[in-house]
Amino acid sequence: MIGCLAIARNGSDWLAVMDDLSAQELCESIKDGRITSVEATEAVFERTEKLDAVIGAYISTDRERALARAAEIDRRIAAGGQMGPLGGVPIAVKDNMCTAWGATTCASRMLENFHSPYNATVVEKLLAADAVIVGKTNMDEFAMGSSTENSGLKRTVNPWDTSRVPGGSSGGSAAAVAAGLCYAALGSDTGGSIRQPASFCGVVGLKPTYGRVSRYGLVAFGSSLDQIGPLTRTVGDAALMMNVIAGHDPADSTSVGEAMAPVRDYLANLDQPVEGLRIGIVPRLNAGADESVRKAVDAALEVYEGAGAELVEIEMPHSEYAIAAYYVIATAEASSNLARYDGVHYGYRSSKADDYIEVYTKSRAEAFGKEVKRRIMLGTYALSSGYYDAYYLKALKVRNLIRSDFTRAFQDCDCIMMPVAPTTAFKIGEKTDDPLKMYLSDVYTIAANLAGIPGISIPCGFDGNNLPIGLQILGPTFTEDKLLCIARMYEKETDWHTRRPRIVGGVD
Ligand code: GLN
């Protein structure tokens, strides 16, 4: 039996946890018959059994179901049948996306036993692309947080240093990809929750334009900000995942139609370098990051300059108000979205209630965590009569100003580059007592959600503690194809994305 599995960054008994295939390469290998989907899926579960006791990336896995599906895919391949673009590849899904099997918990006691009757659209799309879904990943409760420490169910650690956080809120998805516990994962990003954990764990994370990917079946946090996107080992895999999940969905009225913005083939021109690239930079903002982060981002900019890009200094005059506006808007939307958890319609019901009012109050008091309660209170306050104009409406106005900052900036540049986060992965517990400090970890990511624009995080170096650093690239709405090309330019010139955390395993 595998008992105490020690993971350390120094030690003799290194276990290389990841083989080096990308999801794209694995898919090709399965199609060519060099490896079966069952073998790949078995390998992922074997690693997960060994390592996830320490990493804690998954809330649930379903080995039997995944293997049955992998076997079915293998049979289809053997019979010469058609295969989808993710044919046989083991994929993980953040546990705020509904699956018609198992539980969809949002890492909350409130939904610990919630079984969705239907699949989220993205889950349907993964299945239609012949992916093998191996499990549901840990997250901050209801996606509220930047470190996954707000999970009501378990702890996830950073595979690069297990005394540190994986980032959040999609920390489980990022850790699973980084530790080789799946080949790609889905996360959701309301204020940075794909890009920031991607950066902390040294993987690629893409937040698409608001409306590009259906939110149907994504448990809502801040409905005007939430967006689903991929966390992957390579830029090519992010493009592959986008090809699968992007597109209009009649079940989500905020998803954007083909007529307004046609879905591109994100893989088709991926290797085409972007000619005459003008990169916007905001020196005033970058100056706020730790030195190691600043240096890595500056070095990345030099790589682009070497490839012929031009750097353009731009102004983002309202960026300093982004966090304040976000924490009014996101909490306001959350307070409304979370009103449905009343002990009657969904999820947990207190057994201590004496009347129906108590069913409501006690169920919520017992099942929601501290951060969720804080946000419900903040949001309810901001929406209440007398304060609505002063806080909520004001925040909406600031949101508009931030949106116009980007529109103006993109007249002078094709994309904007900056750090993903001011620091690398911080220590577990370091910021849990100070919510404001925690909120500041999103200082570079939040504006993109307020403006609805796409952003990608790609590995661009390591700090002195061997912790990954991310470069963020932001672009105008619906330019995911271009962002991916720009990211790919860098990936071709560097090898950061090929580095893997080395995880020590010991068997008891
Ligand atoms: N960290 C931010 C928050 O706590 C963003 C979370 C997210 O993107 N889901 O709200």
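Order of appearance sets the numbers: ligands from 1, and atoms from 1 within every ligand.
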Exercise. Is the distance between the ring centroids of Tyr341 and Phe114 less than 6.0 Å?
Worked result: no

Problem set entry | Partners meeting ring pair (Phe, Tyr, Trp, His ring centres under 6.0 Å) with Tyr348 (sequence neighbours left out) | none

For this session: Examine the side chains of Asn449 and Arg195 and answer whether a donor and an acceptor come within less than 3.5 Å of each other.
Result: yes

Problem set entry | Between Ser147 and Lys431: side-chain donor-acceptor atoms closer than 3.5 Å | no

What donor-acceptor contacts under 3.5 angstrom involve side-chain atoms of residues 419-429, with partners at least two apart or in another chain?
| unit_1 | atom_1 | unit_2 | atom_2 | d |
| --- | --- | --- | --- | --- |
| Thr424 | OG1 | Asp463 | OD2 | 2.8 |
| Lys427 | NZ | Ser163 | OG | 2.9 |

For this session: Compile the protein residues with any heavy atom at a distance under 4.0 Å from an atom of ligand 1; present them by chain, then by number.
Result: Ala143, Met144, Gly145, Ser146, Ser169, Asp189, Thr190, Gly191, Gly192, Ser193, Phe221, Tyr326, Tyr327, Arg375, Asp442

For this session: Please name all residues satisfying side chain to side chain contact (heavy atoms under 4.5 Å, CB included) with Ile91, sequence neighbours left out, ordered by chain then number.
Result: Leu86, Val89, Leu126, Ala131, Ala184, Met241

